[in-house]
Amino acid sequence: MALAWPETPKDAVIVQNELRHRVRVENDFGTIKIIAGVDVSYNLKTNLTRAFIVLLDFATLQMQASVRAVLPTAFPYIPGFLSFREIPAILEAMKLLPISPDLLMVDGQGIAHPRGLGIAAHLGVLTGLPAIGVAKSRLVGWNKEPGTQKGDHTPLLHKGARIGTVLRSKEKVKPLFISPGHRVDQDTALEITRQCLTKYRLPEPTRLADKLSKEKVAEKPIQASLF
DNA sequence: GCGACAG
DNA sequence: ATCTTGTCGC
(Lines give C-alpha, C1' and ligand atoms only; values in the text may rest on other atoms or scores of the structure.)
Protein backbone atom coordinates (compact mmCIF):
# COMPACT_ATOMS: atom_id res chain seq x y z
CA MET A 1 0.00 0.00 0.00
CA ALA A 2 1.13 3.52 -0.72
CA LEU A 3 0.86 4.72 2.87
CA ALA A 4 2.84 2.89 5.53
CA TRP A 5 0.68 1.06 8.02
CA PRO A 6 0.51 3.23 11.16
CA GLU A 7 1.55 1.85 14.51
CA THR A 8 -0.01 4.49 16.73
CA PRO A 9 -3.45 6.13 16.92
CA LYS A 10 -1.81 9.46 16.19
CA ASP A 11 -0.42 8.26 12.86
CA ALA A 12 -3.64 6.37 12.18
CA VAL A 13 -5.60 9.61 12.38
CA ILE A 14 -3.38 11.06 9.64
CA VAL A 15 -4.13 8.07 7.43
CA GLN A 16 -7.86 8.31 8.13
CA ASN A 17 -8.00 11.98 7.30
CA GLU A 18 -6.22 11.27 4.02
CA LEU A 19 -8.31 8.29 2.95
CA ARG A 20 -11.67 9.72 3.96
CA HIS A 21 -11.58 11.95 0.90
CA ARG A 22 -11.40 8.92 -1.38
CA VAL A 23 -14.66 7.46 -0.10
CA ARG A 24 -17.50 7.61 -2.62
CA VAL A 25 -21.05 7.44 -1.35
CA GLU A 26 -22.80 7.31 -4.72
CA ASN A 27 -23.88 4.05 -6.34
CA ASP A 28 -21.15 2.91 -8.67
CA PHE A 29 -21.50 -0.77 -9.48
CA GLY A 30 -23.33 -3.13 -11.79
CA THR A 31 -25.30 -6.26 -11.03
CA ILE A 32 -24.40 -7.84 -7.74
CA LYS A 33 -23.86 -11.52 -8.44
CA ILE A 34 -21.47 -12.36 -5.62
CA ILE A 35 -21.56 -10.65 -2.25
CA ALA A 36 -18.88 -11.18 0.39
CA GLY A 37 -19.23 -11.33 4.16
CA VAL A 38 -16.22 -10.26 6.22
CA ASP A 39 -15.56 -10.91 9.89
CA VAL A 40 -12.60 -11.17 12.25
CA SER A 41 -12.03 -13.03 15.48
CA TYR A 42 -9.14 -13.30 17.94
CA ASN A 43 -7.27 -15.82 20.01
CA LEU A 44 -6.07 -13.91 23.04
CA LYS A 45 -3.85 -16.79 24.17
CA THR A 46 -1.82 -16.99 20.97
CA ASN A 47 -2.21 -13.32 20.06
CA LEU A 48 -3.58 -14.28 16.65
CA THR A 49 -6.08 -12.43 14.48
CA ARG A 50 -8.20 -14.52 12.14
CA ALA A 51 -10.03 -13.00 9.19
CA PHE A 52 -12.79 -14.84 7.38
CA ILE A 53 -14.40 -13.97 4.08
CA VAL A 54 -17.36 -15.87 2.72
CA LEU A 55 -18.69 -15.56 -0.83
CA LEU A 56 -22.43 -15.91 -1.35
CA ASP A 57 -24.61 -15.92 -4.41
CA PHE A 58 -26.57 -12.70 -3.86
CA ALA A 59 -29.73 -14.11 -5.42
CA THR A 60 -29.93 -17.28 -3.33
CA LEU A 61 -27.78 -16.26 -0.36
CA GLN A 62 -26.04 -19.61 -0.59
CA MET A 63 -22.38 -19.83 0.36
CA GLN A 64 -20.12 -20.46 -2.61
CA ALA A 65 -16.71 -20.31 -0.95
CA SER A 66 -14.85 -19.20 2.15
CA VAL A 67 -11.27 -18.33 2.98
CA ARG A 68 -9.34 -17.63 6.16
CA ALA A 69 -6.10 -15.86 7.00
CA VAL A 70 -4.31 -15.84 10.35
CA LEU A 71 -1.87 -13.12 11.38
CA PRO A 72 -0.31 -12.05 14.67
CA THR A 73 -2.39 -9.32 16.32
CA ALA A 74 -0.35 -6.13 15.88
CA PHE A 75 -2.64 -3.25 16.83
CA PRO A 76 -4.71 -2.81 20.01
CA TYR A 77 -8.45 -2.37 19.99
CA ILE A 78 -9.22 1.32 20.32
CA PRO A 79 -12.70 2.62 19.44
CA GLY A 80 -12.32 4.54 16.19
CA PHE A 81 -9.27 2.55 15.05
CA LEU A 82 -10.68 -0.92 14.56
CA SER A 83 -9.66 -1.09 10.91
CA PHE A 84 -5.98 -0.84 11.72
CA ARG A 85 -6.33 -3.93 13.88
CA GLU A 86 -8.36 -6.03 11.44
CA ILE A 87 -7.60 -4.99 7.86
CA PRO A 88 -4.13 -6.55 7.56
CA ALA A 89 -5.59 -10.03 8.11
CA ILE A 90 -8.59 -9.26 5.88
CA LEU A 91 -6.35 -8.24 2.98
CA GLU A 92 -4.41 -11.49 3.35
CA ALA A 93 -7.64 -13.48 3.22
CA MET A 94 -8.72 -11.49 0.19
CA LYS A 95 -5.70 -12.78 -1.73
CA LEU A 96 -7.05 -16.31 -1.30
CA LEU A 97 -10.46 -15.63 -2.84
CA PRO A 98 -11.17 -17.67 -5.99
CA ILE A 99 -12.98 -14.71 -7.55
CA SER A 100 -13.46 -11.05 -6.68
CA PRO A 101 -16.84 -10.28 -5.07
CA ASP A 102 -19.10 -7.53 -6.42
CA LEU A 103 -19.61 -6.02 -2.96
CA LEU A 104 -18.23 -6.39 0.55
CA MET A 105 -20.43 -6.52 3.64
CA VAL A 106 -18.23 -5.83 6.65
CA ASP A 107 -18.83 -6.39 10.36
CA GLY A 108 -18.44 -2.80 11.59
CA GLN A 109 -19.15 0.79 10.57
CA GLY A 110 -18.89 2.29 7.09
CA ILE A 111 -18.87 6.10 7.13
CA ALA A 112 -20.64 6.16 10.51
CA HIS A 113 -17.33 6.96 12.15
CA PRO A 114 -15.79 10.00 13.92
CA ARG A 115 -13.68 10.75 10.84
CA GLY A 116 -15.90 9.10 8.26
CA LEU A 117 -13.68 6.08 7.80
CA GLY A 118 -15.03 3.05 9.62
CA ILE A 119 -13.60 -0.35 8.68
CA ALA A 120 -16.03 -0.88 5.78
CA ALA A 121 -15.14 2.48 4.22
CA HIS A 122 -11.44 1.92 4.83
CA LEU A 123 -11.54 -1.55 3.29
CA GLY A 124 -13.62 -0.30 0.39
CA VAL A 125 -11.10 2.41 -0.45
CA LEU A 126 -8.12 0.06 -0.15
CA THR A 127 -9.67 -2.62 -2.37
CA GLY A 128 -11.62 -0.28 -4.61
CA LEU A 129 -14.66 -2.51 -4.13
CA PRO A 130 -18.19 -1.40 -3.24
CA ALA A 131 -18.69 -1.92 0.50
CA ILE A 132 -21.31 -1.67 3.23
CA GLY A 133 -20.81 -1.56 6.98
CA VAL A 134 -23.14 -3.58 9.18
CA ALA A 135 -22.43 -3.02 12.88
CA LYS A 136 -24.09 -4.62 15.88
CA SER A 137 -23.82 -1.47 17.97
CA ARG A 138 -23.28 2.27 17.67
CA LEU A 139 -19.96 4.08 17.45
CA VAL A 140 -21.16 7.63 16.79
CA GLY A 141 -24.39 9.43 15.95
CA TRP A 142 -27.88 9.50 17.42
CA ASN A 143 -31.20 8.12 16.30
CA LYS A 144 -34.78 7.64 17.27
CA GLU A 145 -35.55 4.07 18.26
CA PRO A 146 -36.88 2.22 15.18
CA GLY A 147 -40.23 0.41 15.29
CA THR A 148 -40.41 -3.13 16.64
CA GLN A 149 -41.13 -4.89 13.35
CA LYS A 150 -38.56 -6.42 11.03
CA GLY A 151 -37.58 -3.83 8.45
CA ASP A 152 -38.43 -0.81 10.61
CA HIS A 153 -35.67 1.77 10.54
CA THR A 154 -34.65 5.29 11.48
CA PRO A 155 -31.83 7.48 10.18
CA LEU A 156 -28.55 7.62 12.10
CA LEU A 157 -27.57 11.28 12.38
CA HIS A 158 -24.30 12.99 13.23
CA LYS A 159 -23.36 16.65 13.03
CA GLY A 160 -26.47 17.49 11.07
CA ALA A 161 -26.10 14.79 8.44
CA ARG A 162 -27.35 11.28 7.86
CA ILE A 163 -24.44 8.89 8.30
CA GLY A 164 -26.36 5.63 8.32
CA THR A 165 -29.51 3.72 9.19
CA VAL A 166 -30.60 1.94 12.34
CA LEU A 167 -32.43 -1.18 11.23
CA ARG A 168 -34.59 -3.65 13.11
CA SER A 169 -33.43 -6.72 11.23
CA LYS A 170 -35.69 -9.09 13.14
CA GLU A 171 -38.46 -8.77 15.67
CA LYS A 172 -37.45 -8.37 19.29
CA VAL A 173 -33.72 -7.91 18.76
CA LYS A 174 -31.35 -4.97 19.08
CA PRO A 175 -31.18 -3.03 15.82
CA LEU A 176 -28.27 -3.04 13.38
CA PHE A 177 -26.30 0.05 12.35
CA ILE A 178 -25.97 0.18 8.57
CA SER A 179 -23.79 2.69 6.74
CA PRO A 180 -22.25 3.03 3.28
CA GLY A 181 -18.67 1.89 3.06
CA HIS A 182 -17.72 2.80 -0.50
CA ARG A 183 -19.40 3.23 -3.90
CA VAL A 184 -22.87 2.69 -2.37
CA ASP A 185 -25.42 5.28 -1.24
CA GLN A 186 -27.49 5.29 1.95
CA ASP A 187 -30.71 3.87 0.51
CA THR A 188 -28.91 1.18 -1.45
CA ALA A 189 -26.82 0.12 1.54
CA LEU A 190 -30.06 -0.34 3.45
CA GLU A 191 -31.79 -2.15 0.60
CA ILE A 192 -28.94 -4.58 -0.03
CA THR A 193 -28.76 -5.37 3.66
CA ARG A 194 -32.51 -6.00 3.82
CA GLN A 195 -32.25 -8.34 0.86
CA CYS A 196 -29.74 -10.39 2.82
CA LEU A 197 -31.99 -10.88 5.84
CA THR A 198 -33.64 -14.23 6.49
CA LYS A 199 -34.64 -15.52 9.93
CA TYR A 200 -31.71 -14.17 11.88
CA ARG A 201 -30.62 -10.85 13.32
CA LEU A 202 -27.56 -10.64 11.09
CA PRO A 203 -27.70 -10.55 7.29
CA GLU A 204 -26.42 -13.78 5.73
CA PRO A 205 -22.99 -12.58 4.56
CA THR A 206 -21.87 -11.38 7.99
CA ARG A 207 -23.78 -14.08 9.83
CA LEU A 208 -22.00 -16.85 7.96
CA ALA A 209 -18.60 -15.19 8.23
CA ASP A 210 -19.22 -14.67 11.96
CA LYS A 211 -20.28 -18.28 12.32
CA LEU A 212 -17.04 -19.53 10.77
CA SER A 213 -14.89 -17.12 12.76
CA LYS A 214 -16.29 -18.46 16.01
CA GLU A 215 -15.59 -22.07 15.13
CA LYS A 216 -12.94 -23.53 17.35
CA VAL A 217 -10.13 -24.80 15.18
CA ALA A 218 -6.55 -25.58 16.09
CA GLU A 219 -4.19 -22.93 14.78
CA LYS A 220 -1.28 -25.19 15.67
CA PRO A 221 -0.92 -28.97 15.63
CA ILE A 222 -2.43 -30.52 18.75
CA GLN A 223 0.32 -31.69 21.05
CA ALA A 224 0.24 -35.33 22.08
CA SER A 225 -0.55 -35.72 25.73
CA LEU A 226 1.13 -38.02 28.19
CA PHE A 227 -0.32 -41.55 28.77
C1' DG B 1 -12.94 16.70 34.11
C1' DC B 2 -16.79 13.25 32.77
C1' DG B 3 -18.99 10.08 29.79
C1' DA B 4 -18.98 7.43 25.28
C1' DC B 5 -16.66 4.10 23.02
C1' DA B 6 -17.48 -0.68 16.05
C1' DG B 7 -14.80 -5.54 17.26
C1' DA C 1 -13.67 -9.67 20.40
C1' DT C 2 -13.24 -13.16 24.44
C1' DC C 3 -14.05 -15.38 29.08
C1' DT C 4 -18.43 -19.18 30.14
C1' DT C 5 -23.70 -23.01 31.56
C1' DG C 6 -27.53 -22.90 32.39
C1' DT C 7 -31.58 -20.54 31.91
C1' DC C 8 -35.53 -17.07 31.26
C1' DG C 9 -38.54 -15.50 27.65
C1' DC C 10 -40.77 -15.64 23.20
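Per chain, numbering begins at 1; letters A, B, ... match sequence-line order.
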Test your reading of the model: is there a side-chain donor-acceptor pair from A:S213 to the backbone of A:V40, 3.5 Å cut-off? no

Please list all pairs meeting ring pair (Phe, Tyr, Trp, His ring centres under 6.0 Å) that have one or both residues in residues 74-100 of chain A, counting only residues at least two apart or in different chains. A:W5-A:F84, A:F75-A:F84, A:F84-A:H122

Could you state the CG-C1' distance from A:L44 to B:dG7, rounded to the nearest angstrom? 12 Å

Picking from C:dT2, B:dG7, B:dA6, the nucleotide nearest the side-chain atoms of A:R85 would be B:dG7

Euclidean distance, atom NE2 of residue A:H158 to atom C1' of B:dC5 [Å, nearest integer]: 12 Å

I'd like to know if the side chain of A:T188 reaches the main chain of A:V184, judged simply by a donor and an acceptor atom lying under 3.5 Å from each other, with no hydrogens or angles considered. no

Verify, without hydrogens or angle tests, whether A:Q62 (side chain) and A:T60 (backbone) share a donor-acceptor contact under 3.5 angstrom. yes

Check nucleotides 1-3 of chain B against the protein and report each pair of N or O atoms closer than 3.5 Å, with its distance, or say if there are none.
none

If the test is side chain to side chain donor-acceptor pair (under 3.5 Å), which one of A:D107, A:T206, A:D210 qualifies with A:K136? A:D107

Does anything in residues 8-40 of chain A form a ring pair (Phe, Tyr, Trp, His ring centres under 6.0 Å)? List the pairs, not counting sequence neighbours. none

Base, sugar-phosphate, or nothing for A:F81, non-hydrogen atoms under 4.0 angstrom? base

Any donor and acceptor pair, going by atom type alone, linking the side chain of A:R207 with main-chain N or O of A:Y200 inside 3.5 Å? no

What does the 5'-to-3' dot-bracket notation of DNA chain C look like when only Watson-Crick and G-U wobble pairs under 3.5 Å count, and pairs to other strands show as |? ..........

Give me the stems containing DNA chain B, sorted by first residue, counting only three or more consecutive Watson-Crick or G-U pairs with both distances under 3.5 Å; say none if there aren't any. none

Let me know the distance between CZ of A:R115 and C1' of B:dC5, rounded to the nearest Å. 12 Å

Please determine if A:R24 and A:D28 form a salt bridge, counting it only when a charged side-chain N lies under 4.0 Å from a carboxylate O. no

Sorted by first residue and then second, give each salt bridge (Lys or Arg N to Asp or Glu O under 4.0 Å) pair with at least one member in residues 147-169 of chain A; sequence neighbours left out. A:E145-A:R168, A:R162-A:D187

Partner residues of A:A65 under the side-chain contact (heavy atoms from CB on, under 4.5 Å) criterion, sequence neighbours left out: A:L55, A:P98

How close or far is atom C1' of C:dA1 from atom CZ of A:F52, stated in whole angstroms? 13 Å

Under a 3.5 Å distance rule, please check whether A:N143 uses its side chain to pair with a backbone N or O of A:P155 as donor and acceptor. no

Starting at CG of A:L123 and ending at P of B:dA6, how long is that distance when rounded to a whole Å? 19 Å

Phosphate-side-chain proximity, A:Y42 and B:dG7, N/O vs OP1/OP2 below 4.0 Å: no

Could you identify which residues of residues 130-145 of chain A place a heavy atom less than 4.0 Å from some atom of DNA chain B, listed by residue number, or say none? A:A135, A:K136, A:S137, A:R138, A:L139

What nitrogen or oxygen pairs link the protein and nucleotides 6-10 of chain C at under 3.5 Å?
from	atom 1	to	atom 2	distance (Å)
C:dC10	O3'	A:K172	NZ	2.4

Under 4.0 angstrom between A:K214 side-chain N/O and C:dA1 OP1 or OP2: yes

Tell me, which pairs form a ring pair (Phe, Tyr, Trp, His ring centres under 6.0 Å) where one or both residues lie in residues 42-65 of chain A, sequence neighbours left out? none

Counting only non-hydrogen atoms, which of residues 173-207 of chain A are less than 4.0 Å from DNA chain B? none

Where the side chain of A:S83 meets the backbone of A:I119, is there a donor-acceptor pair that is under 3.5 Å apart? no

State, yes or no, whether a side-chain contact exists between A:L56 and A:Q64 at a heavy-atom distance under 4.5 Å. no

Residue set satisfying side-chain contact (heavy atoms from CB on, under 4.5 Å) with A:V140, at least two apart, ordered chain then number -> A:P114, A:H158, A:I163

Taking the side chain from A:H182 and the backbone from A:G128, do they hold a donor-acceptor pair closer than 3.5 Å? no

Please state how far atom NZ in A:K45 lies from atom C1' in C:dT2, giving the value in whole angstrom units. 11 Å

Spacing between A:N47 atom CG and C:dA1 atom P, to the nearest angstrom: 18 Å

In whole angstroms, the gap separating P of C:dT2 from CG of A:L48 amounts to 13 Å

Look only at the side chain of A:Q109 and the backbone of A:S137, and say whether a donor-acceptor pair between them is shorter than 3.5 Å. yes

So that I can tick it off, tell me whether A:K214 and A:D39 are bridged by a salt bridge, with the cut-off set at under 4.0 angstrom between side-chain N and carboxylate O. no

Flag the pair A:L190 / A:H153 as yes when at least one side-chain heavy-atom distance between them is below 4.5 Å, and no otherwise. yes

